[in-house]
2 protein chains.
Amino acid sequence: MSSAKKALELLSYFSISRPEIGLSQLCRIAKRDKATTYRHLQSLENAGFIEQNALTKQYRLGPAVMQLAQIREATVPRKEGARHALTALADATGETAHATVLSGQTLYGLCECESPRHAIRAVIDLNTFPLHATASGLCALAFGPEDLLCVAAQDLERFTANTPTDTDGLTSLVDAARATGIGRAYKSYAEETYGLSAPVFDQTGQFAGAVAVASVATRFTPKLEQTILAELIIAAREITRNWGGVIPAHVEAAWALSVKKSNAMEPAS
Amino acid sequence: MSSAKKALELLSYFSISRPEIGLSQLCRIAKRDKATTYRHLQSLENAGFIEQNALTKQYRLGPAVMQLAQIREATVPRKEGARHALTALADATGETAHATVLSGQTLYGLCECESPRHAIRAVIDLNTFPLHATASGLCALAFGPEDLLCVAAQDLERFTANTPTDTDGLTSLVDAARATGIGRAYKSYAEETYGLSAPVFDQTGQFAGAVAVASVATRFTPKLEQTILAELIIAAREITRNWGGVIPAHVEAAWALSVKKSNAMEPAS
DNA sequence: AAACAACGGTTCGTTATATGAACCACCAAC
DNA sequence: GTTGGTGGTTCATATAACGAACCGTTGTTT
């Protein structure tokens, strides 16, 4: 593994829930040598990617990332293009909505929007999304580049009893997503959550990411599913438009079938 | 130079004005070998820091920087703490306002806010700020850690005829900043701009950054200076409060003198 | 259409650079 | 004063970074 990659990987250990990390602690987390880790941290600090809390000596993300994010968003305004649709989605469903972006073979969390309706709700710690266990991931496998499925099949980490851990289980979920235009993760990532997701496309015509709703499994009803489904499709259309893409015809067709079926099961809301 | 540092440095060549860069182009800019640069780009791409435009093969910043920025801002909400004061500052002065953050020995642009009042106005390409040639930089030298001045004196790059290029010239500007509580860059960075800046402090009690106004030199009048001065101080106080700091007494005293002197020169606005 | 130049990407022998066990100095708890 | 935890440093070793030269493609020029 290249030294640059190792240094960059250190950044991925910072998160909202763990925003400051000490040297020794980071060595444990990353399972790396202290001297090496220290040198990497120095490189990162020099470049402004991290800085040291003067009081605690712990490291935290630095100001350089703010600049880069601003340049990125000015170049490819993904977040801006998703914001409105996400808040509307969270508002209409009363659940937590979020969007993801595919880059290379990794699905990254873009932003999250919680609804205040329920005290118990899913919170998304924005991170990379496992392709096989999340609704957004299944969307990526179903509608993204084909080689993604091979990559995902290599690492079928088990998160819950429902996580698909063999290729057959995974492909059946992906096929279902293709057929319905919707990715579904029923307790496959976290024990209590039910995720539904719809694909989003960009100006290259390719799959660019997904928009998703994470709901608490215990309050999931056919009625709620019907609402989420309808709103998800609206959001996916809006974000796709903002990202300069168009929904492929076969996806629109799959959605139409899904909605029809959903309405049939729970008629006249 | 470490490989990690070299890879990270590549990211700094992306900017709002040059958001996408091809391999060969980047090699020229960074004055690096093509094979090496390519490998570095691959590392960066793997980590999600850059991605390739599928059509043009050019590289641009990737989604990972968005996540990191979100974590950084959740950890240390610098931007949020500066936003309101900056818009108010731009609004009150009719000029472009911006804020900078010191991390290590580098002064980073945080955010910029333009006023629509004039068609001709300064635009800040958020980047690292040269300590010797910008108003914010002079603030950092005047109120930041002492070793900063030694570092800055090592690299006195000339930008204009007014750029201080010897230690004496620089120290006199820094001394002036200390005496007035205000950093001044009169055509020392760009030929047409006049920058005024005030220091901002954080909860450690240290200098944390600066807030600044970049004005067009040709429309600069004592009257405008008086306005900028007053508003700058208000903004610096507000941002300092939001960042959890307090303005040191000697800085407040210097400001009081500056305002008094400025009022005396242009009485009864 | 042939020649050219510029592009992104790859190869391979050389050599510089990353590595990590062992090492400080420091601090807090007991 | 011992113990266990920090953040930070050293130096011989070995690994991975390096770059000249290479390939295949593309789009422009003659």
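First the proteins, then the strands, lettered A, B, ... as listed; each starts at 1.
Read 5' to 3', the first and last nucleotides of DNA chain C with an atom closer than 4.0 Å to a heavy atom of chain B are dC7(C) to dA18(C).
Note on Ser3(B): every side-chain N or O is 4.0 Å or more away from OP1 and OP2 of dA17(D). For the OP1/OP2 pair of dG8(D) and a distance below 4.0 Å, the side-chain nitrogens and oxygens of Gln52(A) include at least one atom meeting the criterion. Contact between the side-chain N/O atoms of Tyr38(A) and the OP1/OP2 oxygens of dT6(D) is not found at any separation under 4.0 Å.
Put simply, NZ on Lys34(A) is 15 Å from P on dG4(D), counting in whole angstrom units. Atom-to-atom, CG of Asp33(A) to P of dA14(D) comes out at 16 Å; the value is rounded to the nearest Å. One can place CD of Gln42(B) at 14 Å from P of dC18(D), the figure rounded to the nearest angstrom. Distance CG (Leu41(B)) to P (dC18(D)): 12 Å, rounded to an integer number of Å.
Here the side chains of Phe49(A) and Leu8(A) are not in contact, with every heavy-atom distance at 4.5 Å or above. Counting heavy atoms from C-beta outward, Arg18(B) and Ile29(B) have side chains that approach closer than 4.5 Å. Residues Arg78(B) and Met66(A) have side chains not in contact (no heavy-atom distance under 4.5 Å, counting atoms from C-beta outward). Using a 4.5 Å heavy-atom threshold, the side chains of Arg32(B) and Leu10(B) count as touching.
Taking 4.0 Å as the cut-off between side-chain N and carboxylate O, Lys5(A) and Glu45(B) do not count as a salt-bridged pair. Residues Glu20(A) and Arg60(A) are paired through a salt bridge, judged by an N-O separation under 4.0 Å between the basic side chain and the carboxylate. Residues Glu80(B) and Arg83(B) are paired through a salt bridge, judged by an N-O separation under 4.0 Å between the basic side chain and the carboxylate.
Contacts between residues 22-29 of chain B and DNA chain C, defined by a heavy-atom separation under 4.0 Å, are made by Gly22(B), Leu23(B), Ser24(B), Arg28(B).
Of the two residues near DNA chain C, Ala35(B) and Ile21(B), the one whose nearest nucleotide lies more 5' is Ile21(B).
When heavy atoms are screened at a 4.0 angstrom cut-off, Gln58(B) is found touching no nucleic acid atom at all. Nucleic acid contact class of Arg39(B) (heavy atoms, under 4.0 Å, all strands): base. Backbone-only engagement by Lys6(B) is indicated by non-hydrogen atom pairs under 4.0 Å involving sugar-phosphate atoms exclusively.
Of the listed nucleotides (dA20(D), dA17(D), dG7(D)), dG7(D) has the atom at the smallest distance from the side chain of Lys57(A).
Checked against a 6.0 Å centroid threshold, the rings of His132(A) and Tyr189(A) do not count as neighbours.
In this structure, a donor-acceptor pair under 3.5 Å is present between the side chains of Ser15(A) and Ser17(A).
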